J.: 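Shown below is the structure under consideration.
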Amino acid sequence: MTELELLIDFHKNAERQGPGSTADTLRALSFIDLEQSRPLKVADIGCGSGAQTITLAQNSEGHITAVDLFPEFLDRLKQKSASQDLQDKITTLEASMDNLPFGPEEYDIIWSEGAIYNIGFEAGIKKWKDFLKPGGYLALSEITWITNSRPREIEEHWNTEYPEIGTASGKIRILEKNGFSPVGYFYLPQSSWIDTYYKPMEERFEDFLIRHGNSEAAMRIVDAEKDEIRKYRKYKDYFSYGFYVAKKLPEE
Ligand code: SAH
C-alpha cells in the first residue's frame with residue numbers, strides 16, 4: 001500500500017476526517033437566509049465520508065452534491081445516506097475541487113468543512129464563486145488563528161504546513177475583496193477537535209497498526225497524528241477552525 005492508500009484506509013471508517021460537529025454545521029447553517037420556495041442546490045466540497053453532508057440533508061430542503069477526490073470516502077457516504085433513507089437528497093461526485101464540472105451560477109450554497117486548504121482559501125473562493133448564484137452562500141471552515149499573537153513553535157509549525165493560515169479579520173477581508181458579504185463567523189470549540197475528532201482517532205490507532213502488521217509506514221502515520229494531537233492540546237488557545245459564512249453579492 002502506498003502512503004496515500006494507508007492514509008485513506010486510516011481515515012475512511014471515521015465518522016469525520018477533520019474537526020467539526022453536528023452543532024457546528026447547524027450553527028453555520030443558521031446564518032443562511034434563503035427563500036425555500038424551491039429545492040436548493042447545495043454542493044459539499046471535500047465532503048469526506050460526509051458527516052456534515054448528512055446533517056445538511058437532514059436539516060435543509062435541498063439537493064446536495066457531495067464531492068471528494070477519493071471514492072473510498074464517497075462509498076462510505078453512500079452507505080450512510082442509504083441507511084438513513086437520504087439517498088434521494090444526496091448525489092456523490094468523484095472530482096477534484098480545483099476542476100469541478102459545475103456550471104456558472106448553478107448553486108445556492110457551497111459548503112466545505114476543513115477542505116478548502118487543499119487548494120488554498122483565496123484560490124478556492126475565487127474558483128468556486130462562479131458556481132454560486134448571486135445571493136447564494138459560501139460556508140467554509142478553515143484553520144484560523146484565534147488570537148493576535150502566539151508562541152513561536154506553533155507559529156512556525158503552521159507557517160510551514162499552511163502559510164495561508166491567518167486571523168478571522170484577514171479571512172473576512174479576503175471574502176469581502178472577492179465580492180462576498182460576510183454574514184457569520186465563529187470558531188470551533190475544543191470539543192469539536194477532541195471529542196468528535198481526536199478521541200475517535202486515538203481509538204483507531206491500535207487496530208490500524210495491527211491491520212498493517214505494524215509496518216513502518218503505518219507507524220509514521222500514527223506518529224504524525226499523535227504529534228498533531230500533542231500540538232493541538234498544547235496550543236489550543238491559539239488556533240481553531242474558523243467557520244465563515246458569506247453571501248455572494250451581485251456583480252458590480
Ligand atoms: N468535510 C469532511 C472532510 C474534511 S478532510 C469533514 O469535515 O469531515 C478534507 C477532505 O478533502 C478529504 O475527504 C479529502 O479526501 C478531500 N480532498 C483533498 N483534496 C481534494 C481535492 N483536490 N478535491 C476534492 N477533495 C479533496
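Computed from a predicted model, the values in this text were never measured in an experiment. Ligands are counted one by one from 1 in listed order, and the atoms in each one are counted from 1 as well.
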J.: Check S141, S192, S191 against D24 for a side chain to side chain donor-acceptor pair (under 3.5 Å) and give me the one that passes.
T.: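 Of S141, S192, S191, side chain to side chain donor-acceptor pair (under 3.5 Å) with D24 is met by S192 alone.
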J.: Mind checking side chain to side chain donor-acceptor pair (under 3.5 Å) for E105 and listing every partner two or more places apart, or none if nothing turns up?
T.: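 Per chain and number, E105 pairs via side chain to side chain donor-acceptor pair (under 3.5 Å) with no residue.
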J.: List, ordered by chain and residue number, the protein residues whose closest non-hydrogen atom lies under 4.0 Å from any atom of ligand 1.
T.: R16, Q17, G18, G46, C47, G48, Q52, D68, L69, F70, F73, A95, S96, M97, E113, G114, A115, N118
J.: Can you tell me which residue pairs pass the salt bridge (Lys or Arg N to Asp or Glu O under 4.0 Å) test with a partner in residues 82-93, sequence neighbours excluded?
T.: none
J.: Any carboxylate oxygen within less than 4.0 angstrom of a Lys/Arg side-chain nitrogen, looking at E153 and K234?
T.: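 Salt bridge: yes.
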J.: Have a look at Y232 and tell me which of Y198, W158, Y241 forms a ring-ring contact (aromatic ring centres under 6.0 Å, His included) with it.
T.: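 By the ring-ring contact (aromatic ring centres under 6.0 Å, His included) criterion, Y232 pairs with just one of Y198, W158, Y241: Y198.
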J.: What residues, two or more places apart in sequence or in another chain, satisfy side chain to side chain contact (heavy atoms under 4.5 Å, CB included) together with Y187?
T.: I146, Y185, S240
